[in-house]
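The structure appears below as structure tokens.
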Amino acid sequence: MIKLSSPGAADMASTQGGSGPSSAAPEAAAASNHVPPPEPEPEPQPVGVLGAPFDGEDDLWDDDGGEMAVFTRVPSTEIIYRNKRKRWKVVGRYIFGDLLGEGSYGKVKECMDKDTLERRAVKIFKRRKLRRKMNGEQNLQREIRLLKRLRHPNILRLFDVLHNDEKQKIYMILEFCVCQLKEMLDRAHEKRFPVWQAHRYFVQLITGLEYLHSQAVVHNDIKPANLLLTADMTLKISDLGTAEELDRFRRSDEISVSQGSPAFQPPEIASGSDAFPGFKVDVWSSGVTLYNFVTGQYPFEGETVFKLFDNIAKAEFDIPDMVGPSLASLLRGMLHKEPEKRLGIFEIQQHDWVRKKQPPTTECVPVPPRNGSECHELTSARRHGPEAGTPPLPTDPSGAARTSPVLNPKSWSGCKHA
Amino acid sequence: MHNHEMTPTAYRVLTMVGHCFNGIGSVWLARHAASGNLVAVKKYDVDKCSFEVLSILQHESQAMRQLRHARLMPCLSSFVSGTELWMVEPLCGYGSTKDLLAAHFTEGLPERAIALILRDVVRALDYLHSQGYVHRSVRASHILIGANGDTYLAGLRSSYCSYRDGRRLARIHQFPELAADGLNWLSPEILAQDLRGYTASSDVYSLGITACELANGLEPFAQMPPAAMLHEKLAGEGEPVLLDATTIDAGYAERVQEQNDTDDPAVHEDDTSLRLMRAAPGRRFSDAFHQFVRLCVDREPSRRPTPAQLLTHPFLVRQCRRAPPLSHLLRPDVPVSEATLLEGEQIVRDRLVTDMAGLQLNQENTWDF
């Protein structure tokens, strides 16, 4: 029997960037993976009497004002100015910003704590969509339970969970990350990282995994789309939706179900065994991930999931010549067919390639720009700033308001030199 | 320097003088038994502190013990006693410059005093930056003044050491934790939290805001919702300025008040800022001071001067030349010192005696519990 995740559950896998539908054939995955960039929302323009920004129709009713759609008769002359006036979106104490990605569960947006001004990401789940997927709600519950307990620099941190029963939404407030490693790879030359850069990420991945395993958690879905980077280039393992929490008092890490992405599954799953050591599943998929980092390819491919699993079960793969001998031996150790003979986390950490420092020699693959901003500028405050907490300034028809130094709430900074 | 023991019995705690760290800790006046010197003891109840708070306190005491500079607040001793963490520091008689603003200089300090204070702060910053530290919370409440006029920069708990794994980071991306009350002083690039990160020059921005705070009596962006403040800083609408005759004319406060009366109530200026606006036209800061602030609060981090460059700025050089001691400039404020304390103790004792004298025990009364 092949233990295969439902396409929906596999799709759950993608996090902040929201890309990465788990397709059987990696090339097909790469091809179909191109998420059209989210439409830039129209710039807020101070029009109308109140100077409120206009916004596109995008989630007009999506804000948390608890407003009901009330139909009122509006004279046609006023329509241009008055309709679609969107207030900035605030949920709890978070001001929402631009869209970061979309997945089958809902959206990922940038947000900001309005009291501490810390930049965060919010993953929005729609209950309706969750119910349509196999184990959707259970997976989310487990992910929340796990993330609340886990705290490590290489694990994406969960700060807050908000529920809106009326709108059937769940908001997860997470650490803000600038991109997925998958997005970087897709834009890189030959879709691969220079060895030193791959090393830098891989070491952090192993550190994060070591912590997860020490907490009796099997991630089950390690792949570049689930590895995120923060602004200071720290790697964060994300998406514990398919993770398995082991009983702390059990002796072995044996598990029987794995819902990961097919291309990253080990032979024991591909060949359909009933039970297999869980930690070694993560080692295998980290091996595939490292292979992908340095070669831009996948060790096992196939046009269909069936063919792919056939290839994985054989566990025969080539390592391109450009990979040095030390790295090749690590890859062979991590991609060993027998879970028992596969390297453990500790052995990986002791491996020469991992321990050797890799100074930056070639140019680094950069973080791709987001919505046209090279440096991933803050969006939540820029768009929503002046209204956040203070009403818009009354606009003086003569324009005197702009030049006179008065007009508060801005008095302290608003006054100019006489 | 005396050795400051790591036991609570070595200090005679006299009275509580205030709170610190958003009210998490309390500050006590104490006497070091061996030397007889007055010290300030900061106490934190470890049981009530969250994980984050504890790691910040740990960082603070480490930083204070690793760094040593005449203008930087030293930590004489720190230890845990029962459930309490004690941090012993020298007593600063005048308290913080924020206390000065609250007590006698509600409309701002005189320019000369500010120059003397800022010069010492700039020296401390110069040292901190040379050690790879970014202070990240330069503000009036973190500048302490001793009874003899010595200025110390404190508040190292939100500092960040840019040495990581033996390398010095070119740009820092970490956002200060638990710093919600200090957001007004933070530079736009720290608040932006984007890929560009920030450097030590963000301390110079905070210094500029602090200069405005000391001169105006209130920091720029005060009484603004944080998100609005952030928007202003990022959009660069109106730079923070010193309020004096050149920036505010005589009728300004009245016009604001008029506007208050007519406009909707949400735009109201409160009385504090109105009072400060009224005070502003009556004074005149030097052009050098204005320029000093403008340089510091430049939105472009690379255009801001370094602390070393600031030390040669005409504002500091001219104002500090042949300046009287700071304690003269701070009159009529009186520092807490041996003399005042004794006086205070005497008053308390006197009051106790008179109270006791007035107390008459009624023979007929029996103790009734």
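Since we're looking at a predicted model, the values are computed, not measured. The sequence lines fix the lettering, A, B, ..., with proteins before strands; numbering per chain opens at 1.
- To the nearest 0.5 angstrom, Arg370(A) atom CZ is 13.5 Å from Asp194(B) atom CG.
- Other residues, nucleotides and ligands contribute more than 12 heavy atoms inside 6.0 Å of the CZ atom of Arg168(B).
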Practice item. Take His376(A) and Gln193(B) through the side-chain contact (heavy atoms from CB on, under 4.5 Å) test and state the conclusion after the steps. Key: CA-CA 9 Å; His376(A) 292 233; Gln193(B) 300 167 77; over 6 Å; no
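- The stretch residues 173-182 of chain B places His173(B), Phe175(B), Ala180(B) near chain A, each with some heavy atom under 4.5 Å from a heavy atom of that chain.
- In this structure, Leu234(B) and Leu378(A) have side chains that are in contact, with non-hydrogen atoms separated by less than 4.5 Å.
- Interatomic distance, Glu374(A) CD to Arg196(B) CZ, rounded to the nearest 0.5 Å: 10.5 Å.
- Side-chain contact between Leu117(A) and Met229(B): present, with at least one pair of heavy atoms (C-beta onward) separated by less than 4.5 Å.
- Leu183(B) CG to Thr116(A) OG1: the interatomic distance, rounded to the nearest 0.5 Å, is 7.0 Å.
- The minimum heavy-atom distance linking Arg119(A) with Ala192(B) is given by the pair NH1-O, 4.0 Å.
- Around atom CD of Glu300(B), more than 12 heavy atoms belonging to other residues, nucleotides or ligands sit under 6.0 Å away.
- Between chain B and the residues Asp113(A), Asp115(A), Thr230(A), the most heavy-atom pairs under 4.5 angstrom are made by Asp115(A).
- Remark: Tyr94(A) pairs with Asp160(A) by the side-chain hydrogen bond (donor to acceptor under 3.5 Å, both in side chains) rule, at least two apart or across chains.
- Contact annotation for Leu191(B): both backbone and side-chain heavy atoms come within less than 4.5 Å of a heavy atom of chain A.
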